[in-house]
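So the structure is just underneath, and the comments pick up after that.
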Amino acid sequence: MVVAMSATRTKDYRQLNAVWSIFFALLIFLGVMLASAIVNHAGIPNVIVNFLILGEPFMFLIAIACIDFHAESLNKFRRWLIVSALINLLLAIIQKFLLVAGHISAAPYDETDGVQGVFFISGAGGYISAAVSVSVSIYCILYLKTVPLWIRIFGLVGTIYQIQIADTKQVLLVSGLAWGLLALSKVQDLRKLLVYVTCIGLAIAAFWWATHNIELFEVYVQWFSRDDINNSNSGGGLDVKTEGIRKVLSYYHSPINWLLGLGPGHTLGRLGGWTISDMWSILSRLGATKHPLYDEMWSFINNNWIALSTTLYVPLFSWAGIWGDQGWLGVAAYLYLGFLVWKYFCIDDYCKFLTLTIFVYGFFLTQVEEPGFMLSMVTLIGLRWHEHRIQKAKLLS
């Protein structure tokens, strides 16, 4: 990011304004994180790693925005991105057959969770791989007009097949919710709202038909009607999902905790939930700190069959982590960064859809803190932004 900002040759005021606005917002977010660390006696490594996890996508978007692309170089960038996504999709499909045949092993994952494309054997790799495929296939349908439509549709069908064989049903759920939120954002444009509502209605009808007539989709009927979870004696999925929030609140000892949380890497995000423990042999020597909440949360998860049966209700997720670590000031600072991306870079509904997808994913595990997912999303947003900028420059010339 620093190299891109110092080397940029662009004189476009709007381009520079977007870059510097997000840069200063990142400094605000870092300031809130430092204040939270000081108040809660969190280690400096906690601040550094947590800021890199959460701030990396915005830094990468700044770097992309600083590049003074021209039409030819942007076409190369687009081809590189699409070929990378195609490799990811093809690898995921190949992995399914190799796993079933026993030619490769994805231990400790099974033959569905092991379908992870280029993110093979990397925890949430199946969700990341499928989410990237969905986003790129939609981009190709909308904007890759030089490729025949039937090929672009075939790519989308392949993506849906990947979701099924990887058993990443949440990707479909999140995409649907993000699409619904995008439709709600069109309340001031009745024509667009009507188009979106009609398309959503047709998509729901087609999906409903598929779940009752195509064997590959029958699993969704069982997934949406999990009475064993929804009516569980242990409180149901929602109670399990919010258990982490209740545990965080139990550690509040001062009104300042509401503003600044319990410290970076101390609660429910990726660092506090996984990374701090995975990297403890290294981070502890550098002065990192671990909160007692970590052991409490994993004791709860490992002894709760709902949390172990579906990631949908795991109480560790990004929005809870940002709030738990940095408090409401941290949430406000992060949302401000998202607002600036929406304001400066979401130049069409596709970019808005990607941004809303990220927002929704924040409620499911820690996908907002997964570099493979987030860097892919901001790359697509940056690509569309440059395409729009170059197209506009041609019209003005």
Side-chain angles (χ1 to χ4, degrees), residues 1 21-59 241-301 314-341 358-359 362-363 365-366 368-371 374:
M1 178 191 70
S21 294
I22 293 182
F23 178 76
F24 285 121
L26 269 174
L27 292 182
I28 293 172
F29 187 50
L30 177 60
V32 172
M33 202 175 288
L34 281 169
S36 176
I38 292 170
V39 168
N40 294 285
H41 308 290
I44 292 299
N46 293 49
V47 177
I48 294 172
V49 177
N50 206 44
F51 180 71
L52 289 175
I53 288 173
L54 289 167
E56 180 183 38
F58 300 100
M59 290 186 254
K241 187 76 174 176
T242 54
E243 178 63 21
I245 294 173
R246 287 189 289 273
K247 286 189 180 295
V248 169
L249 292 173
S250 71
Y251 280 97
Y252 277 15
H253 303 300
S254 162
I256 200 71
N257 290 128
W258 289 95
L259 295 176
L260 294 173
L262 297 178
H266 282 178
T267 65
L268 310 171
R270 181 177 179 183
L271 180 58
W274 286 279
T275 309
I276 197 77
S277 179
D278 294 342
M279 300 177 64
W280 187 245
S281 61
I282 298 173
L283 294 178
S284 60
R285 300 177 185 180
L286 300 173
T289 53
K290 188 191 291 188
H291 198 275
L293 187 67
Y294 173 84
D295 292 324
E296 290 184 25
M297 285 308 305
W298 278 104
S299 176
F300 171 80
I301 292 170
V314 171
L316 303 173
F317 55 99
S318 293
W319 284 119
I322 295 170
W323 166 78
D325 286 0
Q326 284 85 223
W328 288 112
L329 285 180
V331 172
Y334 193 83
L335 286 174
Y336 181 58
L337 279 164
F339 165 76
L340 291 177
V341 173
I358 294 169
F359 172 78
F363 295 98
L365 277 181
T366 57
V368 171
E369 300 162 80
E370 293 285 352
M374 290 297 289

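We number each residue from 1, following the sequence as shown.
- Partners of Phe300 by side chain to side chain contact (heavy atoms under 4.5 Å, CB included), not counting sequence neighbours, listed by chain and number: Val240, Glu243, Lys247, Asn304, Pro315.
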Evaluate the side-chain contact (heavy atoms from CB on, under 4.5 Å) criterion for residues Asn257 and Asn40: first the C-alpha distance (whole Å), next the side-chain angles of each, then the deciding distance (0.1 Å), finally the verdict.
CA-CA 9 Å; Asn257 290 128; Asn40 294 285; 3.5 Å; yes
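- Taking all atoms of both residues into account, the shortest heavy-atom contact from Leu268 to Thr366 is O-CG2, 4.4 Å.
- The side-chain heavy atoms of Phe51 and Leu271, taken from C-beta on, include no pair separated by under 4.5 Å.
- In this structure, Thr242 OG1 and Phe317 CZ are separated by 8.0 Å, a value rounded to the nearest 0.5 Å.
- Taking CG from Leu365 and OG from Ser318, the interatomic distance works out to 8.5 Å, rounded to the nearest 0.5 Å.
- Within a 6.0 Å radius of CZ in Arg285, no more than 12 heavy atoms belonging to other residues, nucleotides or ligands are found.
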Decide yes or no on side-chain contact (heavy atoms from CB on, under 4.5 Å) for Phe363 and Val368, but give the supporting numbers first.
CA-CA 9 Å; Phe363 295 98; Val368 171; over 6 Å; no
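- The salt bridge (charged side-chain N to carboxylate O under 4.0 Å, His left out) analysis of residues 261-281, with sequence neighbours excluded, yields the pairs Arg270-Glu370.
- The structure places CG of Leu26 at 6.5 Å from CE of Met1, a figure rounded to the nearest 0.5 Å.
- To the nearest 0.5 Å, atoms CG (Leu286) and CD1 (Ile44) are separated by 11.5 Å.
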Are His41 and Thr289 close enough, and set up right, to give a side-chain contact (heavy atoms from CB on, under 4.5 Å), and what steps lead you there?
CA-CA 8 Å; His41 308 290; Thr289 53; over 6 Å; no
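- Under the 4.5 Å side-chain criterion, counting only non-hydrogen atoms from C-beta, Leu340 is not in contact with Phe58.
- In this structure, the side chain to side chain contact (heavy atoms under 4.5 Å, CB included) partners of Ser277, at least two apart in sequence or on a different chain, are Lys290, Tyr294.
- Note that CD1 of Ile53 is 4.5 Å distant from OG1 of Thr275, once rounded to the nearest 0.5 Å.
- Residues satisfying the side chain to side chain contact (heavy atoms under 4.5 Å, CB included) test with Ala35, not counting sequence neighbours, are Leu260.
- The shortest side-chain heavy-atom distance between Met33 and Leu54 falls under the 4.5 Å cut-off.
- Side-chain atoms of Ser284 come within 3.5 Å of backbone N or O of Trp280 as a donor-acceptor pair.
- Heavy-atom minimum distance, Ala288 versus Pro45: N-CG, 3.7 Å.
- Partners of Leu52 according to the side chain to side chain contact (heavy atoms under 4.5 Å, CB included) rule, which considers only residues two or more places apart in sequence or in another chain, are Ile48, Met59.
- Distance OH/Tyr251 to CG/Leu293: 6.0 Å, rounded to 0.5 Å.
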Start with the C-alpha distance between Ile276 and Val49, add both sets of side-chain angles, then the distance that settles side-chain contact (heavy atoms from CB on, under 4.5 Å), and finish with yes or no.
CA-CA 9 Å; Ile276 197 77; Val49 177; over 6 Å; no
N/O donor-acceptor pairs under 3.5 Å from side chains in residues 324-338, not counting sequence neighbours:
{"from": "Asp325", "atom 1": "OD1", "to": "His266", "atom 2": "N", "distance (Å)": "3.4"}
{"from": "Asp325", "atom 1": "OD1", "to": "Thr267", "atom 2": "N", "distance (Å)": "3.0"}
{"from": "Asp325", "atom 1": "OD1", "to": "Thr267", "atom 2": "OG1", "distance (Å)": "2.4"}
{"from": "Asp325", "atom 1": "OD2", "to": "Gly265", "atom 2": "N", "distance (Å)": "3.0"}
{"from": "Gln326", "atom 1": "OE1", "to": "Asn50", "atom 2": "ND2", "distance (Å)": "3.1"}
{"from": "Gln326", "atom 1": "NE2", "to": "Ile322", "atom 2": "O", "distance (Å)": "3.4"}

